[in-house]
Structure formats: structure tokens, C-alpha cells
Amino acid sequence: MRLIKRKQLAACALLLLATGRQAVAQEAAEAGTAPVADESRTVRVAGHYDNAVGTSDAASQGVISSELIVNRPALRTGELLEFVPGLIVTQHSGDGKANQYFLRGFNLDHGTDFATYVDGMPVNMRTHAHGQGYSDLNFLIPELVQRIDYKKGPYFASEGDFASAGAARIRLADTLPQGQASVSLGQHGYVRAVAADSFEAGAGTLLYGLEVNRNNGPWDVPERVRKYSGVLRYSQGTPDDGFSVTGMAYKNRWNATDQVPLRAVASSLIGRFGSLAPSDGGDTARYSLSYALRKRTGNRLFEFDAYVIRSQLELNSDFTYFLANPDAGDQFQQSERRTLAGVNASESWNTLLAGLSMRNKLGVQARYDRLSPVGLYNTIDRVRQSTLREDRVRESSIGLYGENTVQWLPWLRSVAGLRYDAYRFQVDSSIEGNSGTANDHVVSPKLSLILGPWSKTEFFVNAGKGFHSNDARGTTQTRLPDGAASTPVTPLVPTKGMELGARTEWLPGLQSSLALWRLDIASELLFVGDAGETEPSRASGRHGIEWNNHYIAAPWLLFDLDLAASRSRYTQDDPAGNYIPGSIDKVASFGVTLTDQGPWSAAFQLRYFGPRPLIEDNSVRSASTTLAYARVGYQLNRQTRISLDVFNLFDKRASDIDYYYASRLPGEAAQGVNDRHFHPVEPRSLRLTVAYAF
């Protein structure tokens with residue numbers, strides 16, 4: 001975190017934050033974007049989020065800066081998203097697989113209903129081999145992340161598929177203040193090396209970043225992560241008047257210890273970190289080329305993104321062990337080869353109408369996915385034995401949106417938006433009767449009212465409709481792999497949400513926001529253990545409350561406290577019960593950051609996510625999980641810094657994830673046993689990092 005070194009600047013910093021925002025908001029309005037603090041005009045004093053009065057259109061919207069990211073320890077790359085207040089990131093498999101995400105009463109599985117973007121490129125993969133909306137962030141190099149803009153709820157016209165619970169837009173840096181190289185060493189064979197720098201090249205700047213990672217983890221079957229990531233970017237101009245061309249490459253191979261049945265550990269068949277399927281694991285790769293243009297002309301801003309992504313995944317899993325095949329086990333492989341291309345374009349401009357200041361924005365987003373093929377196979381020790389299904393999919397979509405912001409009174413602003421999305425699905429299936437074409441469209445209106453500020457306090461009213469897409473294979477499916485009849489699913493599932501919020505800086509040094517929200521979905525997506533993927537289920541409703549706080553107690557001492565509670569239920573009654581399996585109801589995060597204590601610095605982070613129903617009647621529930629991370633840093637000289645990270649500081653025996661379903665162990669009855677299946681959190685571990693700036 002960038003710190004103010006002289007205590008006498010603290011009062012000045014707070015004053016500038018309060019007085020500079022009006023001018024910053026005006027500049028952001030001209031850019032057609034949500035207002036964000038301008039570092040060239042204000043002194044930033046920030047915690048885990050920048051959620052200041054006058055910077056956004058909802059209490060649950062905010063910005064995360066790079067200074068925050070580099071100063072909090074992270075066990076996994078995907079934990080970048082834990083900077084979003086109320087969001088929990090876990091894992092139920094190896095570190096080459098997308099993480100599990102929890103937010104606003106959702107077990108989001110691997111990303112469904114939370115949209116993630118990197119430099120305008122979608123991370124969520126639709127019609128994915130493992131799960132709809134699969135969002136794998138392992139290709140990112142955290143040291144290159146410049147900022148994360150997050151939003152919650154379906155209230156924003158620029159957000160489409162998968163964004164009903166929220167969205168995060170990750171922006172990579174164009175330049176680095178200095179070159180950097182670091183090496184991290186930890187227990188269980190953990191090694192990570194990173195090198196990154198930027199320098200002038202012709203009329204622009206060339207930036208590169210490289211990462212190599214090795215890790216065995218605490219598992220009885222060593223994870224043997226072999227991860228390589230690279231970024232090369234050329235840019236010219238400024239963030240709102242220039243362009244960039246970026247190439248990214250990522251490859252990873254790993255062994256996986258998935259969730260295991262509790263009875264296997266209780267009977268000492270395996271240890272807590274043991275495996276019943278030692279050949280599980282996978283390999284994945286992602287390569288992308290993207291172009292971004294921002295062009296300012298007078299009070300107009302034109303934005304354009306284009307991208308091509310090539311990705312592949314082979315994931316070998318066995319969740320039921322010997323239920324279907326008592327001799328060789330139930331391992332299956334989910335595989336896909338994907339080419340993804342798309343463009344985003346928008347034009348923003350300011351105008352006056354009847355003396356009222358007005359900002360308008362029109363945009364278009366188009367995307368095309370080609371999967372050749374996406375398949376599901378029976379395997380033994382990762383070797384394919386038979387094909388359950390293999391499909392070639394063409395999925396295309398276009399989204400058109402408009403947004404109008406009017407400053408009606410000094411204390412009243414409205415943001416009205418309208419979005420239209422159209423999808424086309426083409427499926428060529430290996431199963432007779434499952435090939436075909438489907439089309440669908442959805443209209444999503446949005447409206448926000450922002451009142452204030454009064455006494456450094458503002459209020460928000462937000463409402464809107466959104467949607468999530470279903471797997472293309474389900475839209476044309478008339479027969480299951482076992483031959484049973486099936487009914488095609490609804491291609492686009494509508495959602496609707498609303499929120500009442502408030503944000504205040506009434507108490508000096510404190511930023512605080514409160515949000516009361518509700519979200520209804522016409523069809524829930526539910527994880528299916530024996531298939532390792534999601535399927536549509538009943539309609540659902542959620543509501544809850546979030547309270548986020550950041551307090552600057554002194555220039556060298558910062559506190560963060562985020563609390564969230566929610567209630568999630570199916571809204572269509574069923575004798576099985578109306579609880580949504582995996583739906584999270586309580587989340588808490590507490591952080592302390594100490595800086596400027598001579599060469600020393602330190603950070604402490606505590607996160608809690610509460611118990612969850614594991615089946616519809618709520619008769620089986622998971623336990624809660626509380627984890628603490630800590631960091632101590634020491635600046636040896638102007639160029640060299642060492643830091644020690646401690647994960648699971650109190651060595652808690654808890655679960656990253658819990659499921660309840662039937663599986664079979666050797667010697668058990670053919671129908672198997674319904675049991676809790678869990679993936680343990682990693683035990684206490686240490687990582688030492690030496691970083692050198694050049």
C-alpha cells in the first residue's frame with residue numbers, strides 16, 4: 001500500500017478526499033464512467049476498497065487499487081476477488097482449476113451469476129465442459145493488476161450475462177513505476193518466481209510479466225503444479241485517450257485431491273489430506289490477443305475492445321468413487337477446445353437539456369464461442385475408455401444497451417438504462433436427437449436514484465432486471481447420455497433485483513456503506529456431484545444486508561470490517577424442501593494494516609463464512625469456516641524487501657467446501673451411501689518472499 005510518510009499530511013489527505021471528489025466526479029462524468037478518485041489531484045488513503053461518497057451509483061459499488069492488492073497475502077490467485085466485500089473464494093480441487101465463489105447467498109460454483117472481465121475480455125466461459133460460467137483466474141499475474149472495479153446486482157446496463165449477483169472488471173497496468181523481480185519459497189515444495197518491467201518503446205511503452213509456479217501442497221498425492229504465465233503489452237497515450245495491444249499466455253498441469261467422504265476419513269481409510277482417486281487432475285491452457293482503444297474528443301469518449309482467446313481444458317475427476325464401476329472407479333474426463341472472439345464498443349457524451357446536465361452512453365457487445373469439441377468421457381487413470389457425449393457448439397450473442405444520467409437537482413441524480421441481448425445456439429451432438437438450433441432474447445431495464453450528499457452521507461435506490469444463459473447443450477437436448485428422455489432448458493433465464501443503500505463519511509476517517517438487497521431468479525443452477533456439473537433447478541429468491549467499513553485510525557493504522565447476512569430459498573414448493581444447497585448466509589471479514597513503522601509493516605486478515613444447508617430440507621448442514629492470514633514485511637534497503645506470509649494462522653481444521661450426495665467405497669452396498677463430502681482447508685503454512693526493485 002502506498003503510504004503517507006509524514007503524519008502531518010494525514011489531515012490534509014482527508015480534506016483532499018472530501019473536497020477533490022466533486023471535480024473528479026465531473027471529469028468521470030465527461031468520460032462516461034463511474035466517478036473514481038484521481039490520484040493526480042488527491043492524496044489516496046485507502047483500505048480494502050475505495051467506496052467514498054460521490055464515487056458511484058450504488059452503495060455496493062467500488063474500486064480496488066493495486067496498492068491494496070500487493071499488500072495483502074493471498075494463498076491462491078483467485079483470492080484477488082476477495083477484495084470485493086462479502087465475496088469468499090475457496091477451492092475443492094487442484095490449483096489449476098477455477099475457484100469456488102460465494103456471494104450474496106450464492107454458492108456461485110465456479111462463477112455462474114458473477115461476471116468477471118480482464119481488460120474487457122470475459123473470463124466466464126459459457127457452455128463449459130465443467131460448469132456454466134466457469135471463471136478461471138489462474139492465468140493472472142497479480143503484480144500486474146492495476147485496479148478492480150466491482151458492482152453488485154443487475155442494476156447496470158453495461159453488465160449482461162452472469163452479472164446478476166455482481167461483476168468485477170480487472171484492469172492490467174500499462175506501465176510499472178519500476179521493474180520488479182521476486183522469489184517466494186514455502187512449505188510443501190512451493191516455489192514462485194515473478195519478473196516484470198516496462199520501458200519506452202518508440203512512441204509508447206512495452207510492458208512484460210513472467211511467472212513460474214511450483215507447488216505440491218499438503219496432499220498425500222502431491223499436487224505437482226506446473227504453472228507458467230506471461231504477459232506482453234504495448235501501449236500509447238493515456239488510459240482515456242490511447243490504445244494498447246496485449247498478448248497473454250498461460251499453461252498449467254496438476255494433480256487434484258477433490259472432496260472426499262467424511263466416513264472415509266473417520267474410518268481411517270484415508271487421512272484428512274488423502275485421496276481415493278490418485279489419478280485425478282488436469283491440464284489447461286489459455287492464449288489471448290486483445291486490443292483496447294480509448295479516444296476522447298471534446299466531451300465525448302469512444303471505447304473499443306476486441307479480443308481473441310484460445311483455451312483448452314482436460315479435467316479428470318471422480319466424485320462418487322466406486323458407485324458406477326466397483327472395479328475401476330468412476331473417473332470421468334471433461335474436455336474442451338475453445339476459440340472465443342468478441343468486440344465491445346461504446347460512445348459516451350455530455351449534453352444539456354432544459355438546463356439539466358445529462359450524460360448519455362450507447363454500447364454494443366458481441367461474442368462468439370466455438371467449441372470443437374466439448375466432451376464427457378469415461379476414463380481410467382486419465383485414459384479415455386468410452387465417450388458419454390461429444391458436442392460441437394457454436395454460440396453467438398449480441399448485447400445492445402443505452403444509459404442516461406440526469407442531474408435533476410444538486411441532491412438528486414438518476415441513472416436509467418435499457419439492455420437487449422440476443423443469443424443463438426447451434427449444437428452438433430454425438431447423441432441422436434440432441435443436435436439442433438435454438439434462439440432466445442431478453443430485455444433488461446435498469447433504474448438508479450442517487451440522493452445527497454447531506455452531511456457527507458448519500459442514499460441509493462437501485463432496481464433492475466438481468467439474466468444468465470444456460471448451457472447450449474441443454475437448449476437442444478431431448479435425450480440424456482443414458483438414453484432417458486429430456487426436455488430442453490430455457491436458454492436465457494431472467495433475474496430481477498433491487499437495493500436500498502447508504503454511504504457516509506460523517507465520522508472523520510471512516511468510510512461506511514450499508515445495503516439492503518433482494519434478488520429473484522427464474523431458475524436456479526444447482527451443482528450435481530455425480531456429474532461434476534450444474535443443471536437448472538427451481539426458481540429462487542434471496543435477500544440480505546451488507547455493511548462495509550474502512551477506518552483510518554492513523555496514517556499508519558487502518559481497519560477494515562465487512563459483514564453480510566442473507567436468506568436464500570426456492571420459491572416453488574417441493575416436498576424435498578425449499579433450502580438451496582450450498583447457499584451461504586453469513587460472511588465476515590476483518591483486516592488490520594500497519595505501515596510506516598520504520599522499515600517494518602504488517603497485515604492481518606480474518607475471514608468467516610457461515611454454515612450452509614447441504615440438502616433441500618436443511619437436515620444436513622456444513623460447519624462454518626474461520627481462517628486468518630498474516631504478513632510481516634521488512635524493507636532492507638531502497639530496492640530489497642522481504643516478507644513472511646502465514647496462511648491459516650491458527651491452524652484451523654475446517655472445510656473449503658462441503659457437499660452431500662451418494663458415493664461408494666470398496667465393500668459398500670451397490671447403491672452407495674449418502675454422506676458429507678468435504679475438501680479440507682490447507683493447514684498452517686509459511687511463505688517467504690524476497691522482492692527486488694530495479
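Tyr287 and Ala249 get closest at one heavy-atom pair: CD2-CB, 3.7 Å. In terms of heavy atoms, Pro278 sits closest to Ser275 at N-OG, 3.6 Å.
Test Leu371, Leu340, Asp369 against Arg126 for side-chain contact (heavy atoms from CB on, under 4.5 Å) and you get one pass: Asp369. Exactly one residue among Asp95, Thr284, Thr77 makes a side-chain hydrogen bond (donor to acceptor under 3.5 Å, both in side chains) with Lys227. That residue is Thr77. Here the rule is side-chain contact (heavy atoms from CB on, under 4.5 Å) with Phe83, and of Ile69, Asp560, Val145 only Ile69 fits it. The only option from Thr116, Ile64, Ile170, Leu87 that meets the side-chain contact (heavy atoms from CB on, under 4.5 Å) definition with Tyr150 turns out to be Ile64.
With values rounded to the nearest 0.5 angstrom, Tyr634 atom OH is found 11.5 Å from Ser601 atom OG. Here the CG atom belonging to Leu627 is positioned 5.0 Å from the CG atom belonging to Asn648, to the nearest 0.5 angstrom. The OG atom of Ser469 lies 3.5 Å from the CG atom of Asp161; values are rounded to the nearest 0.5 Å. Note that CZ of Arg272 is 12.0 Å distant from CG of Asp220, once rounded to the nearest 0.5 Å. In this structure, Lys151 NZ and Gln61 CD are separated by 6.0 Å, a value rounded to the nearest 0.5 Å. Distance check, rounded to the nearest 0.5 Å: OG1 of Thr112 to NE2 of His468 gives 7.5 Å.
No donor-acceptor pair under 3.5 Å is formed between the side chain of Thr689 and the backbone N or O of Ser643. Using modelled atom types, one side-chain atom of Asp651 and one backbone atom of Arg684 make a donor-acceptor pair closer than 3.5 Å. Proximity of a side-chain donor or acceptor of Arg607 to a complementary backbone N or O of Val89 within less than 3.5 Å is detected. Using modelled atom types, no side-chain atom of Tyr659 and backbone atom of Gln259 make a donor-acceptor pair closer than 3.5 Å. Put simply, the side chain of Asn124 never gets that close to the backbone of Ser135: no donor and acceptor are under 3.5 Å apart. Between the side chain of Asp280 and the backbone N or O of Asp318, at least one donor-acceptor pair lies under 3.5 Å. Remark: the backbone N or O of Gly94 is not paired with any side-chain donor or acceptor of Asn255 at under 3.5 angstrom. In this structure, Asp109 contributes its side chain and Gly111 its backbone to no donor-acceptor pair below 3.5 Å. Using modelled atom types, no side-chain atom of Gln180 and backbone atom of Ala196 make a donor-acceptor pair closer than 3.5 Å. The backbone N or O of Leu172 lies less than 3.5 Å from a partner atom in the side chain of Asp119, making a donor-acceptor pair.
Between Leu276 and Pro261 there is a side-chain heavy-atom pair separated by less than 4.5 Å. Ile657 is listed as a side-chain neighbour of Phe102, based on a closest heavy-atom distance under 4.5 Å. Residues Val183 and Tyr692 are not in side-chain contact: their nearest non-hydrogen atoms beyond the backbone lie 4.5 Å or more apart. The side-chain heavy atoms of Leu81 and Leu137, taken from C-beta on, include a pair separated by under 4.5 Å. Between Leu558 and His550, the closest side-chain pair of non-hydrogen atoms falls below 4.5 Å. Two residues are said to be in side-chain contact when any heavy atoms from C-beta on lie closer than 4.5 Å; His92 and Lys97 meet this criterion.
Qualifying side-chain hydrogen bond (donor to acceptor under 3.5 Å, both in side chains) partners for Ser93, counting only residues two or more places apart in sequence or in other chains: Asp258. Judged as a ring-ring contact (aromatic ring centres under 6.0 Å, His included), and not counting sequence neighbours, Phe678 has no contacts. Checked against ring-ring contact (aromatic ring centres under 6.0 Å, His included), Trp547 has no partners two or more places apart in sequence or in another chain.
With respect to the salt-bridge test (charged N to carboxylate O, under 4.0 angstrom), the residues Arg104 and Glu546 qualify. The residues Glu143 and Arg192 are annotated as salt-bridged, a charged nitrogen and a carboxylate oxygen being separated by less than 4.0 angstrom. In summary, Arg147 and Glu67 do not engage in a salt bridge, as defined by a charged side-chain N under 4.0 Å from a carboxylate O. Under the 4.0 Å criterion applied to side-chain N and carboxylate O atoms, Glu82 and Arg76 are not assigned as salt-bridge partners. Look at Arg542 and Asp113 and you find no salt bridge, because none of the NZ, NE, NH1 or NH2 atoms lies under 4.0 Å from a carboxylate O.
For the residue pair Ser158/Arg169, the side-chain donor-acceptor check at 3.5 Å is not satisfied. When only modelled atom types and interatomic distance are considered, Asp330 and Thr320 share a side-chain donor-acceptor pair under 3.5 Å. Between Gln331 and Ser279, the side chains place a donor N or O and an acceptor N or O closer than 3.5 Å (distance only, hydrogens not considered). Side-chain N/O atoms of Ser663 and Arg263 include a donor and acceptor closer than 3.5 Å. Residues Thr257 and Glu223 have side chains that never bring a donor and an acceptor to within less than 3.5 angstrom of each other. In this structure, a donor-acceptor pair under 3.5 Å is absent between the side chains of Asn549 and Tyr551. Side chains of Arg286 and Ser311: a donor-acceptor N/O pair is absent below 3.5 angstrom, by distance only. Side-chain polar atoms of Asp656 and Thr90 form no donor-acceptor pair below 3.5 angstrom. Using a 3.5 Å distance cut-off with no hydrogens or angles, the side chains of His188 and Asn216 do not pair a donor with an acceptor.
Between Trp219 and His679, the ring planes are tilted. Angles from 30° to 60° get that label. Classified by interplanar angle (parallel below 30°, tilted 30° to 60°, perpendicular above 60°), the ring pair His110/Tyr134 is tilted.
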Exercise for review: Could you go through the salt bridge (Lys or Arg N to Asp or Glu O under 4.0 Å) check for Arg612 and Asp658 one step at a time?
Suggested key: CA-CA 9 Å; Arg612 302 165 299 285; Asp658 294 276; 3.4 Å; yes
Point to revise | Arg337/Arg310 under side-chain contact (heavy atoms from CB on, under 4.5 Å): CA gap, chis, key distance, verdict | key: CA-CA 8 Å; Arg337 300 290 187 275; Arg310 176 67 177 172; 3.9 Å; yes
Exercise for review: Would you check, one step at a time, whether the test side-chain contact (heavy atoms from CB on, under 4.5 Å) holds for Tyr661 with Phe319?
Suggested key: CA-CA 9 Å; Tyr661 57 85; Phe319 299 130; 3.4 Å; yes
**Study point:** CA sep, side-chain torsions, deciding dist, call: Asn252, Tyr250, side chain to side chain donor-acceptor pair (under 3.5 Å)
**Key:** CA-CA 7 Å; Asn252 199 348; Tyr250 161 71; 3.1 Å; yes
Review point. Are Phe139 and Val123 close enough, and set up right, to give a side-chain contact (heavy atoms from CB on, under 4.5 Å), and what steps lead you there?
Key: CA-CA 10 Å; Phe139 66 91; Val123 178; 4.3 Å; yes
Review point. When you look at His677 and Asp675, which way does the side-chain contact (heavy atoms from CB on, under 4.5 Å) test go after all the steps?
Key: CA-CA 6 Å; His677 294 71; Asp675 195 7; 4.1 Å; yes
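Within 6.0 Å of the CZ atom in Arg224, the count of heavy atoms belonging to other residues, nucleotides or ligands does not exceed 12.
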